[in-house]
Amino acid sequence: MYLDRNGNLRAQIVSAIQNDIFTNRKVGDKLPSEAEYASAFNVTRSTIQKALKDLEQMNLIEKIQGKGSFVHPKCQFKLERK
């Protein structure tokens, strides 16, 4: 995944994951791990953790400790409207 290194990396990652959720996922789907995202975007896990926190605050994902990140049930309406 190409990121503009001069831009806001976190915002670009949030946008890319958000797009993936809306186009390829359904409620309850497990997302890639933080390590997988960090490798795919070539950034630190810390950057990914912050991006996932943003998505969690937007009610697009829910993080379950020890299990991973999943498409949030409240995202259902947003996915159905696409």
Side-chain angles (χ1 to χ4, degrees):
M1 167 88 204
Y2 172 77
L3 296 176
D4 177 6
R5 298 292 172 178
N6 295 320
N8 183 330
L9 293 177
R10 182 165 137 194
Q12 292 176 68
I13 292 167
V14 167
S15 180
I17 296 173
Q18 187 176 23
N19 184 54
D20 176 50
I21 289 170
F22 289 142
T23 58
N24 302 314
R25 310 281 178 176
K26 62 184 188 305
V27 170
D29 279 356
K30 187 175 192 301
L31 300 176
S33 69
E34 291 174 359
E36 290 170 324
Y37 274 135
S39 177
F41 289 111
N42 195 28
V43 296
T44 64
R45 277 188 60 200
S46 173
T47 301
I48 296 300
Q49 289 168 341
K50 291 174 185 174
L52 292 176
K53 184 68 173 171
D54 291 346
L55 290 163
E56 189 175 30
Q57 290 175 344
M58 296 164 65
N59 285 328
L60 294 179
I61 68 166
E62 64 179 332
K63 293 172 68 177
I64 301 173
Q65 188 173 354
K67 295 194 182 261
S69 298
F70 301 84
V71 177
H72 197 289
K74 289 184 179 178
C75 191
Q76 177 81 31
F77 179 72
K78 294 174 186 174
L79 292 173
E80 288 176 348
R81 296 193 69 197
K82 288 287 176 177

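All of these numbers come straight from a predicted model, not from anything done at the bench. We use all heavy atoms of the structure for the numbers below, so side chains are in, but hydrogens, waters and symmetry mates are not.
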Looking at CD of Glu36 and CD1 of Ile48, how far apart are the two atoms once the value is rounded to the nearest 0.5 Å? 11.0 Å
Look up atom OG in Ser15 and atom CG in Leu55, then write down how far apart they are to the nearest 0.5 Å. 9.5 Å
Would Lys26 and Val71 count as a side chain to side chain contact (heavy atoms under 4.5 Å, CB included) if you check the C-alpha gap in whole Å, the side-chain angles of each, and the deciding distance to 0.1 Å? CA-CA 7 Å; Lys26 62 184 188 305; Val71 177; over 6 Å; no
Contact summary for His72 and Val27, nearest pair of heavy atoms: O-CG2, 3.9 Å
For residues Thr47 and Phe41, determine if any side-chain heavy atom of one lies less than 4.5 Å from a side-chain heavy atom of the other. no
Close side-chain approach of Ser69 and Glu56, heavy atoms under 4.5 Å: no
Can you confirm whether Leu31 sits close enough to Ile21 that some side-chain heavy atom of one is under 4.5 Å from a side-chain heavy atom of the other? yes
Here the pair of heavy atoms bringing Lys30 nearest to Gly68 is NZ-CA, 4.3 Å
Where do Pro32 and Arg25 come nearest, in terms of heavy atoms and distance? CD-NH2, 3.7 Å
Pair Ile13, Asp54 - check side chain to side chain contact (heavy atoms under 4.5 Å, CB included), show working. CA-CA 10 Å; Ile13 292 167; Asp54 291 346; over 6 Å; no
Does NZ belonging to Lys53 count more than 12 external heavy atoms closer than 6.0 Å? no
Side chain to side chain contact (heavy atoms under 4.5 Å, CB included), that's the test. Do Glu34 and Lys63 meet it? Break it down for me. CA-CA 11 Å; Glu34 291 174 359; Lys63 293 172 68 177; 3.8 Å; yes
Could you see if Ile17 belongs to whatever hydrophobic cluster contains Phe70? Use Ile, Leu, Val, Met, Phe, Trp, Tyr and a side-chain cutoff under 4.5 Å. no
